[in-house]
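Just so it is clear: chains get the letters A, B, ... in the order the sequence lines come, proteins before strands, and each one is counted from 1.
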2 protein chains.
Amino acid sequence: MDAVDRRLIDALRANGRASYAELARIVGLSSSAVHERVAKLESSGVISGYRAVVDPTLIGLGVTALVGVEPGENGNDTLIAASLDAVPEVESCYAVAGAEAFIVKVRVPSVDDLHLVLGRLRGIDGVARTRTTVVLATRFEMRPHPLEPGPGVPAEDVP
Amino acid sequence: MDAVDRRLIDALRANGRASYAELARIVGLSSSAVHERVAKLESSGVISGYRAVVDPTLIGLGVTALVGVEPGENGNDTLIAASLDAVPEVESCYAVAGAEAFIVKVRVPSVDDLHLVLGRLRGIDGVARTRTTVVLATRFEMRPHPLEPGPGVPAEDVP
DNA sequence: ATTGAAATCGGTTCGGC
DNA sequence: GCCGAACCGATTTCAAT
């Protein structure tokens with residue numbers, strides 16, 4: 001994992017469909033060398049896949065909420081986690097420190113659907129409470145901040 | 001935006017590097033027809049880009065936290081938002097309902113770095129308080145749940 | 001680990017339906 | 001809007017270093 005790998009990762013986080021030829025131009029290697037390096041990043045799990053970024057509002061998922069899920073006295077976290085996995089509207093799921101053992105992100109078409117999903121979450125065995133925060137605007141998400149500084153602006157000359 | 005478009009979106013959310021030939025096989029159209037449809041999805045903003053999915057722990061970002069950012073009496077949300085944008089460790093930023101006007105996701109190499117970033121967030125002009133929840137485990141993130149049910153299991157025959 | 005060449009396969013355009 | 005063909009460029013493999 002050297003500087004070239006980091007630049008490849010940055011390039012593929014910015015454009016997951018960049019061609020090997022394009023990546024080769026960026027890092028200054030042949031496309032076959034890039035092919036091999038990317039294959040290694042994939043098989044080693046550093047790059048686990050590629051995803052199209054889709055605007056949720058344009059596919060009818062206009063409502064987003066962050067929901068804290070608090071287990072009761074005898075709530076089993078492992079079972080709760082499995083139940084959360086089974087709810088398709090739950091897009092992300094974090095196990096966190098605190099009384100709320102989980103924080104999940106829910107994406108639904110409408111507040112009516114949110115209502116239904118929250119009911120389902122509260123109905124999960126072992127869940128005592130949920131606490132919902134409605135998202136008013138997603139300013140940015142999954143922003144890729146570069147690992148490798150790159151050529152960038154040269155440091156000031158100190159005379 | 002018909003069922004074919006939705007299946008293309010699903011396929012590209014599952015594999016952002018799927019070739020047009022591959023997509024054509026999935027939806028049962030020619031690759032040129034797929035090319036045209038995907039181009040339209042891109043230019044209409046439904047698909048805004050493609051990203052490699054990278055394992056944060058394997059690139060040295062082992063600590064994740066969710067941070068609520070609460071403005072003071074005279075805090076300007078627009079200015080705070082701009083300041084949050086400028087913090088590279090902030091990977092996602094949501095404007096939310098409630099006293100905490102923003103919830104951000106922070107990704108850093110260590111708890112020391114988290115400490116530094118939280119200091120920077122609290123130092124933003126107009127910010128009164130932050131409330132930090134440390135992520136113990138990311139069970140899943142940005143999970144793409146299909147829009148289109150697909151062929152799936154055929155409905156039971158009703159005699 | 002990288003190269004350059006060779007062969008294959010996919011991307012892209014276009015005429016026609 | 002979709003197809004099919006043709007062209008071109010990229011992917012992928014491989015021997016050599």
- Message: Are V127(A) and V67(A) linked, directly or through intermediate hydrophobic residues, by side-chain heavy-atom contacts shorter than 4.5 Å (ILVMFWY only)?
- Response: yes
- Message: salt bridge (Lys or Arg N to Asp or Glu O under 4.0 Å) for E91(A) and R107(A)? Distances and angles first, verdict last.
- Response: CA-CA 7 Å; E91(A) 195 183 84; R107(A) 197 93 79 168; 3.2 Å; yes
- Might you confirm whether atom NE2 of H145(B) has over 12 heavy atoms from other residues, nucleotides or ligands at distances under 6.0 Å? yes
Extract from the structure each pairing of a protein N or O with an N or O of nucleotides 7-11 of chain D at less than 3.5 Å, listing the distance.
residue, atom, partner, partner atom, Å
dT11(D), OP1, Y20(A), N, 2.8
dT11(D), OP2, Y20(A), N, 3.3
dT11(D), OP2, A21(A), N, 3.0

- Message: Distance alone, cut at 3.5 Å: any donor-acceptor contact between the side chains of D55(B) and T57(B)?
- Response: yes
- List for me each residue that meets salt bridge (charged side-chain N to carboxylate O under 4.0 Å, His left out) alongside E42(A), sequence neighbours excluded, and say none if there are none. none
- Task: Runs of at least three consecutive Watson-Crick or G-U pairs, both distances under 3.5 Å, are what I'm after; which ones involve DNA chain C?
- Result: C:1-10 with D:8-17, C:12-17 with D:1-6
- d(CZ, R37(A); P, dT12(D)) in whole Å: 18 Å
- Query: How about D77(A) and P71(A): do any of their side-chain heavy atoms sit closer than 4.5 Å?
  - Reply: yes
- Item | Connected-component partners of I26(A) among ILVMFWY, side-chain separation under 4.5 Å | M1(A), V4(A), L8(A), I9(A), L12(A), Y20(A), L23(A), V27(A), L29(A), V34(A), V38(A), L41(A), V46(A), I47(A), Y50(A), L147(A), V54(B), L58(B), I59(B), L61(B)
- Would K105(A) and E141(A) pass as an ion pair if we require N to O under 4.0 Å? yes
Could you list, one pair per line, each protein nitrogen or oxygen that sits under 3.5 Å from a nitrogen or oxygen of nucleotides 15-17 of chain D, together with the distance?
none

- Item | Atom CG of D125(B): over 12 foreign heavy atoms under 6.0 Å | no
- Query: What distance separates L84(B) CG from L121(B) CG, expressed to the nearest 0.5 Å?
  - Reply: 6.5 Å
- Using atom CD of E36(B) as one end and atom P of dG4(D) as the other, report the distance to the nearest whole Å. 15 Å
- DNA chain C: first to last nucleotide in contact with chain A (atom under 4.0 angstrom from a heavy atom), 5' to 3', is dA1(C) to dG4(C)
- Query: Is any side-chain N of the basic residue among D2(A) and R37(A) closer than 4.0 Å to the acidic one's carboxylate O?
  - Reply: yes
- Message: Measuring only between side-chain heavy atoms, which start at C-beta, is E70(A) closer than 4.5 Å to T130(A)?
- Response: no
- Message: How long is the straight-line distance from SG of C93(A) back to CD1 of I103(A), given to the nearest 0.5 Å?
- Response: 10.0 Å
